[in-house]
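Presented below is the structure to which this report refers.
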Amino acid sequence: MAAQDTSPAPEEVAAPTMAPHGTDYAAIAMRRERRNNLALVSPALLILVVGASGPLVVMLIYSFLAAGDYGGVVWEFSTQGWFQVFLQRDMFDDTIGFADAHLSIFWRSLSLAFITTVLCVIFGFPTAYFIATRPPEQRSLWLFLVTIPFWTNLLIRTYAIMEVIRNEGLVNTALMKAGLISQPIQMLYTDFAIMLGMTYVYLPLMVLPLYASMEKLDFRLVEASYDLYASRMNTLRRIILPLVKPGLIAGSILVFVPCLGAYVTPRVLGGGKRLMLGNLIELQFGQGRNWPLGAALSITLLLIVMVALLIYVRNASRQGGAHG
Amino acid sequence: MYRACEGVGKLQATVTQVQPGERAAARLGTGQGAVAIALKGVSKVFGSGADAFKAVDDVSVDIRQNEFFTLLGPSGCGKTTLLRLIAGFEHPTSGEIRLKGKDISPLPPFDRPVNTVFQSYALFPHMTVAQNIAFGLEMLRRPKSEVQETVDRMLKLVRMEQLANRRTSQISGGQQQRVALARALAPQPEVLLLDEPLSALDYKLRKEMQIELKRLQSETGITFIFVTHDQEEALTMSDRIAVMSEGNILQIGSPREIYDHPAQRFVADFIGESNFLKAEVVRPLDPGAEIRLPSGATLTAGVPEGMRPAGSVTVVVRPEHARVVADPAAGALRGRLTNIVYFGTDTHYHVELPQDGEFIVRMQNQRGSEASFETGDEVGIEIGDGAPQVLKD
Ligand SMILES: Nc1ncnc2c1ncn2[C@@H]1O[C@H](COP(=O)(O)OP(=O)(O)OP(=O)(O)O)[C@@H](O)[C@H]1O
Ligand SMILES: [Mg+2]
C-alpha cells in the first residue's frame with residue numbers, strides 16, 4: 001500500500017495540474033510526506049528492532065554456547081543446548097535416545113493450547129454473537145463486562161480459580177453439601193484445571209476480534225439465507241462462519257499463541273507437576289542452570305508457533321478459496 | 001420443511017418450453033380465483049409505550065394465485081414491512097396471514113414457500129453470482145444436475161451468463177439487482193415478494209425486465225407481490241394495485257379502476273396528475289351522480305363504490321380528460337391561460353381559475369394544431385361527461 005502511495009506514477013499525473021509555473025510542487029509534497037512518514041514510524045521501528053529482535057539475537061547466541069556451572073553461559077561454541085532439546089544421553093550406557101520428558105511437555109503444551117483455543121471458540125462465538133445482536137447502545141456495556149477480567153492481575157485471577165476448584169473449594173463444598181459426592185473431586189493440579197484457567201484468562205481475546213467481525217456482519221444476509229430455505233445450522237455454516245472468519249482466525253491466534261507459552265496458569269493451577277513449555281523454559285534458567293537449553297527451547301517454541309500459524313493461515317485461506 | 005415447490009418440476013417444464021395449451025391448462029389448474037395469500041386484519045406495531053409506531057394498520061386483502069399484485073405508496077408507508085410479515089421476518093402484532101388457506105404464522109421464513117427480492121439485494125458477498133443463485137436450490141437439497149441446469153437458465157434469464165463466476169461485490173448495482181431476482185426465482189416459490197426490484201436498472205433494461213417478469217408470471221403460476229415507487233411501472237404491470245398510506249391500504253383495484261376512479265384524494269394525487277374541484281351533488285344517478293361546478297355547469301361524475309354522495313364534495317379531473325377551447329363561454333370552466341409547456345407528444349396548459357386555483361389540461365399534439373393559444377388568453381375548459389370522479393374526502 002505504502003509503496004503504491006509513494007510510487008512515482010501519481011506524481012507524474014499530478015504534476016502538470018498542480019504546478020502551473022514549472023515548479024513541481026506535487027513532487028516536493030510527496031517527498032516531504034515520505035520523510036514525515038519515516039519520522040512518524042521511526043520510534044516504532046526502533047522499539048521493534050531493539051526491543052524484539054535484540055533479545056531474540058541474544059537467545060540465538062546463548063543457545064549455541066556452553067552452560068556455566070552456576071547458571072549463565074560460558075563463551076565457547078557448543079550444540080549441547082540444541083542437542084538436549086530433543087535428545088538425551090543415557091546416564092549408564094551412553095546411548096542416545098529421545099528426550100521423552102521434553103517431548104511429552106511439547107505435546108501437552110500443543111494439545112492444551114489447541115483444546116483451550118477450541119473451548120474459547122465454543123464459548124466465545126455465542127458470546128460475541130449475543131453482543132453483536134444487542135441494540136447498539138447496549139453493546140459497549142456487554143463488551144465492558146467481557147473485558148472486566150483484564151482489569152485484574154493475572155495472578156489474582158488464577159488464584160481465584162484455584163479457590164473455586166480446590167478440594168475444599170466452592171464447587172466441591174457445594175457438591176458435598178448437596179450430597180452428590182462423598183469425596184471431593186480432584187480438579188486442582190490437573191490438565192483440566194490448566195485448561196479451565198487458560199480458557200478463562202484468554203476468552204476475551206477470542207470474543208473481541210470475533211465481535212469486531214460480527215458487528216460488521218450484515219444481518220440482512222442472515223434473513224436472505226433464511227428466505228432461501230437455509231435452516232439455522234446451514235445459515236451458520238454457509239453464511240455466518242465464512243463472513244466472520246477473519247475474526248475467528250485472529251481470535252484463535254490470539255488465544256493459541258499465548259497458551260502455548262503460558263507460564264503462570266500452569267504453574268499455579270498445575271501445581272508445578274503438570275509442566276508446560278513456559279515452565280520448562282523457566283526451569284532451565286532457574287533450578288536447571290542450563291541457559292543454553294532454555295534458550296534453545298525458547299527458540300523452538302517460537303518456531304512451533306510460526307509453523308502452527310503458517311499451517312493455520314494456509315488452511316484457512318485455502319478453505320476460503322474453496323468456498324468461492 | 002414446507003414443500004415449497006411440489007410441482008416445480010412441472011412448472012420448470014413450462015418455463016423452458018411452453019406449449020400454449022399446456023400453459024392454459026396450468027393456469028386453469030391453479031384456478032384464477034384461488035386465494036394465494038390472505039391477510040386478515042394484520043397490524044404491526046414497532047416499539048412499545050410512548051414510541052410505539054404502527055407501521056401496518058389493520059390490513060386485510062386477498063391476493064389471488066398467479067396474480068401480479070402491486071403495493072404502491074410513498075416512502076415509509078409500510079410496504080416493506082408488509083412484505084416482511086408475509087416472508088416471516090416479522091410477526092404480526094395482531095391479525096392472521098394465510099397461504100392457500102393455511103395459517104403460516106408459526107412457520108419460520110425458511111419453511112415458507114415464499115422468496116424475496118430484497119430492497120437492499122442482500123447478496124452473499126463471499127459467493128459468486130452462480131453460487132448465490134444456487135443457494136436456495138442447494139438448501140432444498142435438489143440434485144446437482146438440476147441445480148446446475150436451473151442456475152444456467154436463471155443466468156440466461158437475467159443476462160448474467162458472462163459474470164457467473166464473479167464475486168457479487170465486483171458487479172454493478174443493476175447487475176446485483178438482477179442476481180437478486182434470479183436468486184429468488186430459482187427455487188420457484190409459490191409467492192415471490194419483490195421489493196422495488198427494478199429501481200437500479202436503466203430505462204431500457206428496466207423495460208426488458210418488466211416484460212420478462214410478466215412473462216415469468218404467466219408461465220410459472222407464481223404469485224407476484226411487487227413493491228414499487230414508480231406509478232407507470234405499477235400501472236403497466238399489475239393485475240391489481242393496492243395504494244398504501246401510513247400503514248393503511250386506501251384502495252385496491254385494477255390499474256384502470258385506480259387511475260380512472262380513485263376513491264380518495266390521496267390516491268388521485270399519488271397516481272397521475274390531478275385537478276381537484278369543489279362541486280355540489282345535484283342528484284345521484286345509477287351509476288354515478290350529477291354534480292354542479294361553482295361555474296354553474298352540470299356534469300355526470302363517477303362515484304366510489306359504496307358511497308352515497310350528497311351536498312358539497314371534491315371531484316378530481318385528470319388533465320387529459322379536459323380540453324382547452326378558445327371560447328371562454330363554451331366550456332364547463334373558464335380561466336386565464338398562465339403557462340403552456342410543450343412535452344413533445346403533448347402539451348400542458350396551465351389555466352388559472354377564478355375560484356379553484358390552477359387547472360392543468362393535457363392535450364395531445366397533432367399536426368396542424370400548433371400555437372392556437374397564447375399565455376394570457378381567456379379560455380374555456382371543456383370537461384367530458386363522466387370524466388370527474390367524486391372523492392370520499
Ligand atoms: N424495525 C423497525 N422498528 C421501528 N420502526 C420501523 C422498523 N421497520 C420499519 N419501521 C418504520 O415503519 C415504517 C414503514 O417502514 P417500511 O420500511 O415498511 O416503509 P416502506 O413503505 O417500505 O418505505 P420505502 O418506500 O422507503 O422503502 C417507517 O416509518 C419505518 O420507520
Ligand atoms: Mg421499503
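The environment of A:Phe114 atom CZ is sparse: at most 12 non-hydrogen atoms of other residues, nucleotides or ligands sit within 6.0 angstrom. For B:Gln162, the CD atom counts as loosely surrounded, since its 6.0 Å shell holds 12 or fewer non-hydrogen atoms of other residues, nucleotides or ligands.
Residue contact with chain B, scored on non-hydrogen atoms closer than 4.5 Å, involves the side chain of A:Leu243 exclusively. In this structure, chain A has a heavy atom under 4.5 Å from the backbone of B:Leu123, while its side chain stays farther away. Looking at B:Arg183, both its backbone and its side chain come within 4.5 Å of chain A, counting heavy atoms on both sides.
Contact check for B:His126 versus A:Leu221: no side-chain heavy atoms found under the 4.5 Å cut-off. Using a 4.5 Å heavy-atom threshold, the side chains of B:Phe110 and A:Ser225 count as separate.
Closest non-hydrogen pair, A:Ala224 versus B:Ala122, comes out as CB-O, 3.7 Å. Considering all non-hydrogen atoms of both residues, B:Phe135 and A:Leu228 come closest at CD2-CB, 3.8 Å.
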Quick one, A:Ile239 with B:Met127, criterion side chain to side chain contact (heavy atoms under 4.5 Å, CB included). Give me CA distance, side-chain angles, the key distance, then yes/no. CA-CA 9 Å; A:Ile239 308 298; B:Met127 296 184 193; 3.7 Å; yes

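Residue A:Glu223 holds its CD atom at 7.5 Å from CD of B:Glu90, rounded to the nearest 0.5 Å.
Put simply, the side chain of A:Asp227 never gets that close to the backbone of B:Ala87: no donor and acceptor are under 3.5 Å apart.
Residues B:Asp111 and A:Tyr229 have side chains that never bring a donor and an acceptor to within less than 3.5 angstrom of each other.
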